[in-house]
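Written below as structure tokens is the structure these notes are about.
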Amino acid sequence: MSDFRPQPSHNLAGQHPVWMGDQALGRLEHWLTSHAAGAKVVVLGDENTMELCLPVLLEQVPALREALNIQIRSGEQSKDLEVCRALWGHLAELQADRQAVLVNLGGGVVTDVGGFVAATFKRGIRFVHVPTTLMGMVDAAIGGKTAIDLGGVKNLVGAFADPVATCIHTAFLRTLGKREVINGVAEMVKHGLVIDADHWNEVRRAPLYDLHALTPLIHRSALLKAEVVARDPHEQDQRKLLNYGHTIGHALEAFAMESAQRSLLHGEAVAIGMVCATWLSWRLGLLDRDRMNAVEEHLMGLFPAFHLQETDTHRITELMRHDKKNRGDEFRFTLLTGIGSARTDVPVSAAQVAEALEHYRLLLPDVRLRHHTQA
Ligand SMILES: NC(=O)c1ccc[n+]([C@@H]2O[C@H](COP(=O)([O-])OP(=O)(O)OC[C@H]3O[C@@H](n4cnc5c(N)ncnc54)[C@H](O)[C@@H]3O)[C@@H](O)[C@H]2O)c1
Ligand SMILES: [Zn+2]
């Protein structure tokens, strides 16, 4: 499998190499011995990646055996200023200078927080992402966005900063739970839907728990993201394609966080966001009904139902107004114009968003049943 190499003339954020395939960890070993000899090297992980992934990493990347390890608690709560403060403090105690290297071993939480800490410590030290979740491999660890949450708002504080490279070793996924695998599949489906119809078809038919079969699709999905981001690192136009499903998805994530008994992973929220956005694409005349039905059927079959009350719609649109990417009462959506093609910045009203959410709500089996019994 070939690696991703951005155009040499570019040096903006979002244009880092992605190492993939059997040689990925070997490339990391080579880079460390040739570019970080004598430098302070720190591996950052959470309790799961330190237990399950670090031994594999150390076996295959001997240059890391002398590295210092720092562990944060797993979960979104670690994308937090206090965690950053502690990490900056550790780096200072270790007398890390600007030659230091931070190796972020984990899912999107570790790469987001580790990337942000590295980007800001002494105005930026070098870092490498070694994603260990599917979400990390196809999305979070690619493209140079780093962030932490503040005051309950996701990714409110962050920076664009590129890792030296992102190193994708899919064998790490062997220990990942099924719910986490499907969570990452949401972003693969998204890449197919907005950029590449073949990818959509492959992902749709793939045996998702067969790592051997999934690996080439993971590489393809990571490449699709890397290519879009390299063309538009700061989200001026093309990168907005990747926001498909996220306008409503982010609000749903925030909504689920407010109601303690209902948890929703990022990919699960995006999947519902994609159901709504696909319906809006049809409603606004951009997508035909057959294609809408095919996308909807696939997503509804793959992801768990998230039960909404009719009254929840209001709160969700309110949360959308708080999103840093939205302004006022009109939202800008990325919508499908076909399978594998999309349009960015399509204006959608709050009333249309409410209709889309209601459409999702009525798709859920027990809502349908309830309406039927009442009829
Ligand atoms: N920067 C970006 O462009 C970007 C893009 C998408 C998502 N994100 C962010 O990523 C975060 C979500 O990332 P995630 O879904 O990877 O979640 P995560 O980092 O919380 O990981 C999920 C769980 O899996 C565990 N885990 C990780 N690797 C494992 C392995 N190999 N085996 C067993 N368990 C393992 C973790 O400890 C954690 O409990 C969110 O904060 C989201 O905002 C960022
Ligand atoms: Zn996402």
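Both ligands and their constituent atoms are indexed starting at 1 by order of listing. Computed from a predicted structure; not experimentally measured.
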Review point. Under 3.5 Å, is there a donor-acceptor pair between the side chain of Lys190 and the main chain of Gly245?
Key: no
Point to revise | Side-chain heavy atoms of Val229 within contact of Leu242, under 4.5 Å | key: yes
Revision key, fill the gap. Closest heavy-atom approach to atom 9 (C) of ligand 1 among Thr111, Val56, Asp112, Val270 is made by Asp112
Review point. Counting heavy atoms only, which of Gly108, Ser78, Pro131 comes nearest to atom 11 (C) of ligand 1?
Key: Gly108
Check your understanding: At a non-hydrogen distance cut-off of under 4.0 Å, which region of Ser74 contacts ligand 1 (side chain, backbone, both, or neither)?
Key -> side chain
Review point. Is it the side chain (CB and beyond), the backbone, both or neither of Lys79 that lies under 4.0 Å from ligand 1, heavy atoms counted?
Key: side chain
Exercise for review: Using non-hydrogen atoms of the residue, decide whether Leu173 is closer than 4.0 angstrom to ligand 1.
Suggested key: no
Check your understanding: Is Arg343 atom CZ crowded by more than 12 heavy atoms from other residues, nucleotides or ligands, each under 6.0 Å away?
Key -> no
Exercise for review: With heavy atoms under 4.0 Å as the rule, classify the contact between Lys154 and ligand 1 as side chain, backbone, both or neither.
Suggested key: side chain
Practice item. Answer yes or no as to whether an N/O/S atom of Glu187 is found below 2.8 Å from the Zn ion (ligand 2). Key: yes
Point to revise | Region of Asp46 engaging ligand 1 - heavy atom pairs below 4.0 Å | key: side chain
Practice item. Answer side chain, backbone, both or neither: which part of Lys225 comes under 4.0 Å from ligand 1, heavy atoms only. Key: side chain
Practice item. Just let me know how Thr175 lines up against ligand 1, side chain, backbone, both or neither, with a heavy-atom cut-off below 4.0 Å. Key: both
Practice item. Under 4.0 Å, heavy atoms only, figure out whether ligand 1 is touched by the backbone of Val109, its side chain, both or neither. Key: both
**Study point:** Glu76 and His266: side chain donor to acceptor below 3.5 Å
**Key:** no
Review point. Can Glu253 be said to touch ligand 1, with heavy atoms closer than 4.0 Å?
Key: no
Check your understanding: At under 4.0 Å between heavy atoms, which part of Leu265 makes contact with ligand 1: side chain, backbone, both or neither?
Key -> neither
Exercise for review: Taking atom CZ of Arg174 as the centre, report whether more than 12 heavy atoms of other residues, nucleotides or ligands fall under 6.0 Å from it.
Suggested key: no
Check your understanding: Of the listed options (Glu76, Arg73, Met135), which comes nearest to atom 41 (O) of ligand 1 when hydrogens are ignored and any heavy atom counts?
Key -> Glu76
Review point. Can a non-hydrogen atom of Gly143 be found less than 4.0 Å from any atom of ligand 1?
Key: no
Review point. Which atoms of ligand 1 have any heavy atom of Gly107 under 4.0 Å away?
Key: 16 (O), 19 (O)
Practice item. Give the contacting part of Glu187 toward ligand 1: side chain, backbone, both or neither, where contact means a heavy-atom distance below 4.0 Å. Key: neither
Practice item. Give the contacting part of Cys53 toward ligand 1: side chain, backbone, both or neither, where contact means a heavy-atom distance below 4.0 Å. Key: side chain
